[in-house]
There are 2 protein chains.
Amino acid sequence: MLNNSNYIDKLRSSGLRPTKQRIKICEILFDTDKTFHFTINDLVKKISKTTNDKISLATVYNTVHAFKKKGYLKEIPINSDQSYFDTNTSHHHHFYDENQKDLIDIDDADVGPVKINTRIPGKKIKSVEVLVKVEDA
Amino acid sequence: MLNNSNYIDKLRSSGLRPTKQRIKICEILFDTDKTFHFTINDLVKKISKTTNDKISLATVYNTVHAFKKKGYLKEIPINSDQSYFDTNTSHHHHFYDENQKDLIDIDDADVGPVKINTRIPGKKIKSVEVLVKVEDA
DNA sequence: TTCTACATTATAATAGTTCTAAACTGTTGA
DNA sequence: TCAACAGTTTAGAACTATTATAATGTAGAA
């Protein structure tokens with residue numbers, strides 16, 4: 001678990017000013033061993049639960065986007081409606097529970113190697129993501 | 001290539017009334033050997049290019065959703081902003097060109113078998129989709 | 001043809017996200 | 001230390017994609 005001064009260093013070293021809003025969001029997102037998935041809405045709720053200071057919605061968006069750009073968060077493509085983010089930035093895959101509308105990590109090691117036997121000329125592969133949709137058995 | 005009376009049969013047999021708007025949209029979506037990807041916006045533009053009758057936006061949404069529900073279209077999860085649909089409803093995967101914001105089919109046969117070595121208790125796998133993000137080499 | 005249920009339409013409403021411009025605050029350097 | 005600047009936050013407006021609404025229209029059955 002990191003403490004605030006670690007977050008300050010982390011932010012500063014990535015060229016982001018360590019403001020109290022950003023530090024607070026760091027605490028919520030990264031102050032745990034577990035990684036998790038969230039929407040902006042989830043994050044806003046979590047902020048209002050854990051602090052009395054309100055952080056404006058625009059700041060939450062700005063911060064999440066800044067963190068995504070710096071590689072501290074990953075965005076996960078799920079059927080439209082809203083953006084899901086993942087604090088686990090390592091390469092891995094996902095289950096998506098269509099009944100519970102819930103995302104669950106799949107460790108990279110739990111997915112056999114994915115072979116792509118075709119290429120697009122002039123393009124290089126950036127990532128290969130597997131989304132496994134599940135439903136009640 | 002199908003003609004209108006085929007579309008009328010197709011619609012009727014799936015319990016959708018063959019209205020002229022639906023037939024027009026069928027022509028645009030299915031009147032070609034090739035399958036393709038589109039957003040609602042793309043489709044609206046294509047409609048206004050190929051006909052003088054205007055089809056209201058609400059009808060386009062309704063029709064696309066009806067077709068999706070009937071299995072004539074697939075929705076593809078790509079980073080948020082808007083929904084992508086695919087006239088290719090067979091099982092297959094996608095390249096997503098991050099520079100051109102373009103989707104390209106990958107034939108199922110061009111992706112080696114994907115092994116998922118973990119399960120969620122009480123859930124069964126509905127689909128396994130691979131999204132390969134590419135960028136300029 | 002006439003009736004009825006389903007479709008279409010324009011428009012309003014909603015939800016998620018981004019923009020804007022003013023106020024605020026970390027940081028730098030005198 | 002403190003002023004000044006550049007980056008940040010903020011509230012609210014604006015924007016975009018999508019869905020809901022309620023009136024009008026139309027396909028198909030009798």
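Everything quoted here is computed from the prediction, not taken from an experiment.
- Taking only side-chain atoms of B:Ser56, from C-beta outward, the nucleotide of C:dA10, D:dG28, D:dT19 with the closest atom is C:dA10.
- Closest contact between the side chain of A:Ala58 and the listed nucleotides C:dA7, C:dC19, D:dA27 involves C:dC19.
- Distances from the side chain of A:Thr59 to the nucleotides D:dT26, D:dT10, D:dT18 place D:dT10 closest.
- For B:Leu57 and D:dT16, the CG to C1' distance is 11 Å, given to the nearest whole Å.
- Summarising the geometry, the separation between CD1 on A:Ile55 and C1' on D:dT10 is reported as 12 Å, rounded to the nearest angstrom.
- Look at B:Gln21 and you'll find a side-chain N or O under 4.0 angstrom from OP1 or OP2 of C:dT9.
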Given A:Lys123 and B:Glu135, is the salt bridge (Lys or Arg N to Asp or Glu O under 4.0 Å) satisfied, shown in steps? CA-CA 5 Å; A:Lys123 301 284 174 179; B:Glu135 60 187 353; over 6 Å; no
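- For A:Arg22, counting side-chain heavy atoms from C-beta on, the closest listed nucleotide (D:dT26, C:dT17, D:dT8) is D:dT8.
- Rounded to an integer number of Å, the gap from A:Tyr84 OH to C:dA15 P is 16 Å.
- For the pair A:Ile25 CD1 and D:dT8 C1', the computed distance is 12 Å after rounding to whole Å.
- Side chains of A:His92 and A:Asp86: a donor-acceptor N/O pair is present below 3.5 angstrom, by distance only.
- Between the side chains of A:Thr59 and A:Gln21, no donor-acceptor pair is found at a separation under 3.5 Å.
- At whole-Å resolution of the value, NZ in A:Lys70 and P in D:dG7 are 13 Å apart.
- Both A:Leu16 and A:Asn62 lie near DNA chain C, and the one whose nearest nucleotide falls closer to the 5' end is A:Asn62.
- The A:Thr19 side chain lies nearest to D:dT8 when the options are C:dG26, D:dT8, C:dT27.
- The nucleotide whose nearest atom lies closest to any side-chain atom of B:Arg17 is, among D:dT10, C:dC6, C:dT8, C:dC6.
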